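Comments concern the structure below.
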Protein chains: 2
Amino acid sequence: MSAGSQRGATARSRTRPTRAETRARVLAAALEVFGERGIAASTVSDVAAAAGMTKGAVYSSFASKDELVLAMMEEHAMQRLSAALAGFAEADDPQAAISRVGTVLVDAIRSDAVWHRLLAEYFALTHHDPSTRLALRNRRRESRDAVARALTRLSENLGVALPLPADQFAVVLFAISNGLGIEAGIDSDAVPDELFGSVLALIGRDFLVAAEQRWAVAASAALPRRDRRGQVRQDPA
Amino acid sequence: MSAGSQRGATARSRTRPTRAETRARVLAAALEVFGERGIAASTVSDVAAAAGMTKGAVYSSFASKDELVLAMMEEHAMQRLSAALAGFAEADDPQAAISRVGTVLVDAIRSDAVWHRLLAEYFALTHHDPSTRLALRNRRRESRDAVARALTRLSENLGVALPLPADQFAVVLFAISNGLGIEAGIDSDAVPDELFGSVLALIGRDFLVAAEQRWAVAASAALPRRDRRGQVRQDPA
DNA sequence: TCGTCTCGATACCGATGGGTATCGTATTTC
DNA sequence: GAAATACGATACCCATCGGTATCGAGACGA
């Protein structure tokens with residue numbers, strides 16, 4: 001009936017999006033709206049509207065607002081983690097690996113101001129609900145472990161010890177990233193672009209210096225390693 | 001005014017608390033309730049009840065929930081700042097000053113987990129309201145400046161350059177404190193007590209070493225100050 | 001092409017909670 | 001001590017928002 005039915009053999013033009021499409025659209029809208037207005041301050045209808053739909057659509061894909069929020073956080077956390085890990089990714093050249101880590105982490109701050117706001121609110125919001133709280137904790141743990149493993153591998157590849165135990169170093173990376181992200185969110189003038197890099201350089205100075213020497217040595221020839229006390233080499237950073 | 005032998009000191013058996021008292025009680029209750037259940041999740045009545053009063057009392061002292069929240073944050077931020085600065089306080093012995101800074105900052109994390117949650121939520125909550133946002137930004141700026149000044153003074157007293165420009169160093173301190181606080185709030189096992197100290201030691205290692213040397217020199221004899229350009233003069237962009 | 005099922009729009013409900021009007025009483029003023 | 005005032009409790013208002021019931025229309029199998 002109706003004017004429909006023209007989605008004949010070839011064009012296959014759906015007039016109605018598939019379930020997955022809707023879900024994706026809603027999640028994207030959720031990220032946008034929650035990120036802009038805040039989770040608590042946004043209504044389900046707001047999100048729906050931003051996705052070009054109505055509440056009904058949202059509730060047909062998500063059981064509750066909480067679940068929508070959870071799904072949105074999971075989704076984006078996943079993306080962020082894999083992006084971060086991609087930075088570490090098997091780079092044959094350790095130098096490249098190091099510089100990539102820096103790059104990734106650095107613009108993680110600026111580009112994802114929204115994410116830092118969201119995480120901050122979610123962290124606070126979540127505190128009273130044990131199950132959500134555990135979910136966040138476990139997700140955070142996984143992420144940290146992944147980063148810690150990457151750090152360990154990096155350290156082993158270079159044959160240089162990390163400035164801190166890998167797991168603690170991972171925590172510190174998260175903390176600084178998040179902390180600077182929040183400071184930047186409060187007062188963007190206060191956080192120059194290179195600040196994260198500077199801090200990392202300070203924390204990892206010995207590591208970087210040693211890595212550089214090792215690499216240089218390895219590159220120049222198969223020389224036995226020289227003394228590593230070149231304490232204040234000016235190069236890094 | 002003239003005739004009134006107005007409320008003679010405190011001994012007066014008042015059946016009704018003074019305005020300032022109620023305000024203080026409400027603010028204390030607000031800190032407690034908001035900190036526990038979250039700002040958005042708490043109602044004005046909750047806060048009032050925790051203070052042993054009703055909504056009416058709150059609204060007779062604060063124009064709106066927002067204003068109550070703002071006042072509570074201001075109040076506590078003030079306390080925190082002065083506590084932190086007390087750590088820097090005119091210590092004749094620079095060594096003591098340094099170690100105090102460490103101590104203060106370290107247990108600022110553990111002891112004030114609540115504060116970190118609050119700040120996180122407030123930061124997120126505040127983002128959509130320009131005036132509150134500016135208030136937070138300015139308050140944050142003042143705090144940073146105060147810390148930066150203290151750092152500068154410390155550096156001058158010791159005659160040793162800071163690892164970073166004072167204002168940036170201040171930001172980093174705030175960020176790490178807050179960041180680690182949040183991580184600890186999410187997963188307390190992940191943040192060992194000494195982590196903040198370790199990171200600070202890494203960041204400020206040269207500073208600490210140089211300070212120690214200088215102090216040792218100064219202590220050993222009343223020597224005129226020696227050249228200050230020691231090997232540690234590294235100060236990257 | 002028809003029947004069935006799924007998805008999403010519309011309309012609605014009920015609770016929650018911020019905010020207000022009012023009144024009684026303690027405090028202050030004269 | 002009486003009048004004026006300030007403060008806080010009580011009762012109330014109503015906008016908002018999460019969630020639900022229902023129904024029409026598009027998708028899909030036969």
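Lettering of chains follows the sequences in order, A, B, ..., and the numbering in each one begins at 1. Since the structure is predicted, the reported quantities are computational estimates derived from the model, not experimental observations.
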Contacts of type side-chain contact (heavy atoms from CB on, under 4.5 Å), residue Tyr59(A), not counting sequence neighbours: Val44(A), Lys55(A)
Whether the side chain of [X] engages the backbone of [Y] through a donor-acceptor N/O pair (distance < 3.5 Å, no angle test) should be reported.
X         : Y         : result
Asp112(A) : Val114(A) : no
Ser155(A) : Leu151(A) : no
Arg137(A) : Asp187(B) : no
Ser61(B)  : Val58(B)  : no

Measure all distances between protein nitrogen or oxygen atoms and nitrogen or oxygen atoms of nucleotides 15-21 of chain D, and list the pairs falling under 3.5 Å.
from, atom 1, to, atom 2, distance (Å)
dG18(D), OP1, Lys65(A), NZ, 3.2
dG18(D), OP2, Val44(A), N, 3.0
dG18(D), N7, Lys55(A), NZ, 3.2
dG19(D), OP2, Tyr59(A), OH, 2.9
dG19(D), OP2, Lys65(A), N, 3.0
dG19(D), N7, Lys55(A), NZ, 3.0
dG19(D), O6, Lys55(A), NZ, 2.1

Between Thr22(A) and dC7(C), does any side-chain N or O lie under 4.0 Å from OP1 or OP2? no
May I ask you to evaluate whether Thr54(B) reaches the phosphate of dA9(D), defined as a side-chain N or O under 4.0 Å from OP1 or OP2? yes
In whole angstroms, how far is the [atom2] atom of [N] from the [atom1] atom of [X]?
X         : N       : atom1 : atom2 : result
Met53(A)  : dT6(C)  : CE    : C1'   : 14 Å
Glu67(B)  : dG18(C) : CD    : C1'   : 14 Å
Leu125(B) : dG18(C) : CG    : C1'   : 15 Å
Arg23(A)  : dC7(C)  : CZ    : C1'   : 15 Å
Phe62(B)  : dC7(D)  : CZ    : P     : 13 Å

Indicate yes or no: does Glu156(A) engage Arg153(A) in a salt bridge with an N to O separation below 4.0 Å. no
